[in-house]
Q: 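Handing you this structure, nothing more for now.
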Amino acid sequence: MPSSPDSDTNSGARREGHTESGPESRLHNWVVSNTKLRLLVQFVTWVSVLTLFTETVAAGNGMTLSKQPRDTLAIPRWLYLATGGATIGASALLASFVTDRAFIRYLHSWSFPGPTIDDWRTPIVWIGRGLGIVVLGLAVYLGVTGPQLPTASFTILVTFVVVRAGLPMLTYLGGNLWPVLNPWRGIVSLLPTGYRTYPEELARWPAVGGLLLLVWIEVVFPVSTIPSTLSIVILGYSVVTIAGAVLVGPNAWFGNADPLSVLFRFFGAVAPVKRRDGKLTVKLPGSDLTDSDLITDTSDVAFVIALIWELTYSGFITTQTGAATIEALASLSNIGVGAVQIRAILIYTLLFVSGYVVFFAAYWYAGVLSRRRTGTYITAKRIAFRFAPSLLAIAAGYHLAHYTGLAVSLSPALGMAIVSPLSPPANPLTLSPPGWFEGLSIAYVLVGHLLAIWAAHATAYELFSSRLVAIRSQYPFIIVMIGYTVISLWILSLPGATPPYLP
Amino acid sequence: MSYEGTTVPRRDSPAGECDYCGHPFPTTDRLVLHKGLEHPQELDADEEDAFISARADEEDELRTLRLKALGALVLLYFGFLMLYAIVA
Ligand SMILES: [Zn+2]
């Protein structure tokens with residue numbers, strides 16, 4: 001049984017201590033408990049209980065899946081989904097046992113200082129951005145002139161294996177390197193900039209639009225199969241980015257409007273390695289997700305939800321159920337006008353937009369419910385802002401679940417394309433990931449959600465003075481998170497397929 | 001903590017406002033807890049005693065809540081144990 005952190009004996013001991021000391025320190029002791037040993041005992045109890053619990057469920061799910069082909073589960077699908085949802089609910093119940101503010105603050109402020117890097121920053125940035133510019137130029141050039149086989153194309157492999165899969169993983173598992181590598185920022189730093197001031201009221205909305213547009217292009221156009229098409233898209237992206245950054249200045253553009261930079265900044269908030277005051281600092285993963293300055297606008301919430309929805313959507317349309325849904329909707333919409341491809345693209349778009357709206361509305365409504373149920377005077381908007389960073393852990397878990405397989409299977413091909421970009425082998429080597437990768441994906445989704453549950457718990461304690469209110473305020477968000485988990489686990493359990501009607 | 005993101009519903013009358021930062025609270029115990037947590041250096045003896053007793057009440061309620069959470073966990077665990085025994 002997880003021992004209650006503020007048990008009788010502890011508070012008794014503290015009460016005795018107070019009689020000896022003056023009133024100021026008496027109060028101080030109530031607010032900040034001082035025994036490191038207590039913290040350690042609580043930490044070990046908490047971590048071991050949580051690990052035991054999640055490993056049992058995740059391993060149980062993973063094993064049953066890995067022994068079977070993807071479409072025949074050993075247990076009924078509803079039970080598998082219910083177990084996943086219950087894992088999230090149970091961990092939220094477990095988190096409610098941790099009621100010691102000092103302990104929570106201790107975990108979230110723990111850090112290990114690393115080397116000072118500011119002396120090295122300028123040369124590193126020059127080298128990194130130089131490398132970025134070379135890779136960008138090669139990608140555009142080789143997409144047109146190089147081999148047109150997807151698994152042999154430098155352009156496709158760099159875009160999807162490195163930028164889409166590998167770099168985000170590096171960002172949330174390690175630290176955010178994008179500001180160092182960003183080729184467009186490198187190009188813009190050589191140009192005169194800042195002809196207009198960036199309109200503050202736009203906030204991060206351009207980045208939200210940009211991210212959704214990029215994903216839509218990825219779905220509708222053959223960017224992952226025809227290198228020359230991808231080259232044109234990269235060129236278009238470059239023109240928009242450079243023009244925007246020249247117009248409003250690089251800081252405003254890459255901080256607000258550039259979808260890639262905003263994406264890496266948000267994923268970097270989950271990461272353990274941070275740059276603080278010119279030093280590299282190691283923190284516990286996700287401990288910065290309680291920061292109040294991470295999400296400061298509705299557009300930030302929209303961006304975080306877009307990250308979750310994008311991965312859910314692209315997962316769904318590549319399953320047999322997703323393909324069947326699209327086909328059914330396409331035949332339903334057959335009213336005699338328009339080619340089936342055009343209607344299919346409309347259906348893909350409609351599904352993409354409406355699903356996003358549902359995901360966003362569900363989260364926003366959780367904020368409204370949280371305010372109503374606790375009777376707090378803090379606005380629903382501010383509650384939604386504060387809890388939104390915890391969703392980044394969920395997005396990171398989804399990303400890892402969806403892209404590990406792709407990164408592993410195409411990494412030999414990427415190596416070949418880098419070594420000889422113009423004359424790659426006719427039959428590039430692709431690895432097929434072993435069956436237990438499926439089980440691992442389920443574990444990634446669950447671990448992401450567990451981190452999010454913890455982050456939400458810690459955030460609630462920062463936001464509300466009463467700990468009972470803090471616990472009650474989380475309930476609507478936990479229900480939304482259970483919903484996201486069940487949907488994601490459901491998609492992972494479906495057999496794969498190629499999305500229909502697309503070029 | 002900054003309290004700019006707060007509104008008081010029209011029908012509601014707050015139980016009190018923080019003397020130090022002006023933040024309104026719907027109940028007295030939340031106000032007392034807030035003062036003790038956010039402004040521990042500025043409290044007088046009465047406010048301090050109020051904080052300590054509010055803290056003790058909160059502790060009691062938390063204990064009840066933990067018991068309920070434990071009950072829910074046990075129910076969940078045995079519920080799933082039975083489901084697995086029946087289905088799988
Ligand atoms: Zn105050």
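We name chains A, B, ... by the order of the sequence lines, and we start the count at 1 in each one. Computation of the quantities below employed the complete heavy-atom set of this structure, encompassing side-chain atoms and omitting hydrogens, waters and symmetry-equivalent molecules.
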Q: Judged by modelled atom types alone, do A/H449 and A/W454 share a side-chain donor-acceptor pair under 3.5 Å?
A: no
Q: Can you name the residues that form a ring pair (Phe, Tyr, Trp, His ring centres under 6.0 Å) with A/Y475, not counting sequence neighbours?
A: none
Q: Would you call A/R386-A/E462 a salt bridge at under 4.0 Å N-O?
A: yes
Q: So which part of A/I471 gets closer than 4.5 Å to some heavy atom of chain B, the side chain, the backbone, both or neither?
A: side chain
Q: For A/A82, is it the side chain, the backbone, both, or neither that has a heavy atom closer than 4.5 Å to a heavy atom of chain B?
A: both
Q: Check salt bridge (Lys or Arg N to Asp or Glu O under 4.0 Å) between A/R204 and all other residues, then give those that pass, not counting sequence neighbours.
A: A/D300
Q: At a 4.5 Å cut-off on heavy atoms, which part of A/R472 comes close to chain B: side chain, backbone, both, or neither?
A: side chain
